[in-house]
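Encoded as structure tokens, the structure appears first; notes follow it.
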Amino acid sequence: MDTAYHMLINGEITTSKQTFPVINPATLTIIAEAPIATAEQINTAVDSAHDAFATWSSSQKIDFRKSTLLACQKALEHHIDEIGELLTLEQGKPLKAAKSEVTSSLAKIPNILNYDFFSKTLEENEKGKVEMQLIPFGVVTAITPWNYPVYIAISKIVAALWVGNTIVLKPSEYTPLTTLKIGEILKDVLPKGVLNIVSGSGEVGALLVKHPKVRMVSFTGSVPTGKAIAAMCADDLKRVTLELGGNDAAILLEDAPIDKIAEKIFWGAFTNSGQICTAIKRVYVHQSQLEQLAEILNKIAADTIVGDGTDPTTQMGPLNNKMQYDKVLNYYKAAKESGAKIWGGGPVDGPGYFFKPTIVTNLEQGHPLIEEEQFGPILPLISYDDINKAIDKANALNVGLAGSVWSQDENKAYDVAQQMHSGTIWVNTVHDAHQDACFGGVKQSGIGREGGIEGLKSFGEFKMIYKRKIA
Ligand code: NAD
């Protein structure tokens, strides 16, 4: 067992006297101890990022930043297997999906570095020049969740640093090891202080958010934590980007070819055991097709291999942690107690937080399983007779991250997509991601965008320079 995971603070591999155990959710054994950053270490990390900012952000350094970030990509590419295996151990997802998370986050780096947006000349003539510049904030704090820890950490690091910020990143206490490993790999690639990685619980996160030298917070996680962070940022008007939870609806129009789309709907809901912010979490289906859809989805569910992610036959790993397992179990019990029809699936006897994919019908809008983000492998199917009522129900919640519409006629589905209140809507597809797309939620699913050029702009602010000759 490798217990040697360290933080990266001020360019140095750093340990702490206090540690916490990181649990493998498939076996419930301890994989390693991770350090808890002390208040002093947090200050050192922020000070170090603050000191590194002037040099790293200098406009003369754009080429250096690009070549350094490409060197980070190269360095990490040598460790894809190691990071992927560690990700399966601490997160639970199947090894193939874990490695793909690492490769996909690295593959997008060159595209991000190709965005050339640092300054735009709005006017240049005999009167002078009017220029708009995107300038970095300074020290950014990034805080990440446990469902896609590698993808989210790499995305935030690259975007923040490319714009010219320096960064202190804190991973989730459930999945800190891959991020700590990334810090160790990048230690000698990035200049001292440009990237700092500290670990610990939400208390460490809160100390970072409140730190007066931190100028921007990039947060991905739950709505309640997002609100707490926004409130902390209000004190000194720190900039904040919040990528929060959702409760995505899929609307199947009456003509949707159930047999053709069922597999896509299934994996749209159950990939990563349903622990995706944009997983399909409720399906609105015409009453004439409810039974057929439930039967096909339940058949796929019964055939899906749920197990330890290190087993190459596994298609769905465990839930990541006890808090999440108990939450999903409570929604499952509440559905049962409300008289819902449970088609199969359900919890699996331990050890390990395993829960089989579960299809549920006979629940009405208003039930917690439909109205709240359960973030697990249970999928309620809700029948409708009037498409307008289905759209109203899809839009009725106070979140709006993503959603999908399915039909033989993509134009008819597009009309429905236009009426849905979400940051992303997919028509006849799900989890499609264009390399230049931005991502984020409406309503309480978040503030701001990540990804694409709009996402990069969230990591800076605009400055106008008017240069005139004295007449
Ligand atoms: P969480 O809010 O419990 O924790 C996220 C991070 O915040 C962790 O690192 C945690 O230690 C830290 N934290 C907790 N309290 C804090 C505080 N007071 N101050 C500062 N930091 C604090 O979320 P989670 O359970 O790790 O992740 C699941 C949630 O994340 C789901 O709601 C999911 O939808 C959402 N999510 C959203 C996106 C997106 O892009 N919109 C992506 C992935 C996950």
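Counting starts at 1 for both ligands and their atoms, following the listed order.
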Shell of residues surrounding ligand 1, defined by a 4.0 angstrom heavy-atom cut-off that is strict:
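Contacting ligand 1 under 4.0 Å are Ile143, Thr144, Pro145, Trp146, Asn147, Ile152, Lys170, Pro171, Ser172, Glu173, Ser201, Gly202, Gly205, Ala206, Phe219, Thr220, Gly221, Ser222, Thr225, Ile229, Met232, Glu243, Leu244, Gly245, Cys277, Glu373, Phe375, Leu401, Phe439.
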
Run the side chain to side chain contact (heavy atoms under 4.5 Å, CB included) test against Phe219 and tell me which residues pass, sequence neighbours left out.
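Partners of Phe219 under the side chain to side chain contact (heavy atoms under 4.5 Å, CB included) test: Ile143, Val217, Thr225, Ile229, Leu242, Leu244.
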
Could you point out which residue of Ile23, Val22, Asn24 forms a side-chain contact (heavy atoms from CB on, under 4.5 Å) with Ile30?
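Exactly one pass, corresponding to Ile23.
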
Judged by atom type as modelled, is there a donor-acceptor pair below 3.5 Å linking the side chain of Ser273 to the main-chain atoms of Gln275?
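No, the answer is negative, given that no donor and acceptor are paired below the 3.5 Å cut-off.
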
Please, which pairs that meet salt bridge (charged side-chain N to carboxylate O under 4.0 Å, His left out) have at least one residue in residues 145-169, sequence neighbours excluded?
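Found Lys156-Glu450.
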
In chain order, what residues pass the salt bridge (charged side-chain N to carboxylate O under 4.0 Å, His left out) check against Lys238, with sequence neighbours excluded?
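Asp236.
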
Please report the closest heavy-atom contact between Val223 and Gly245, naming both atoms and the distance.
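Closest approach of Val223 to Gly245, heavy atoms only: CG2-N, 3.8 Å.
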
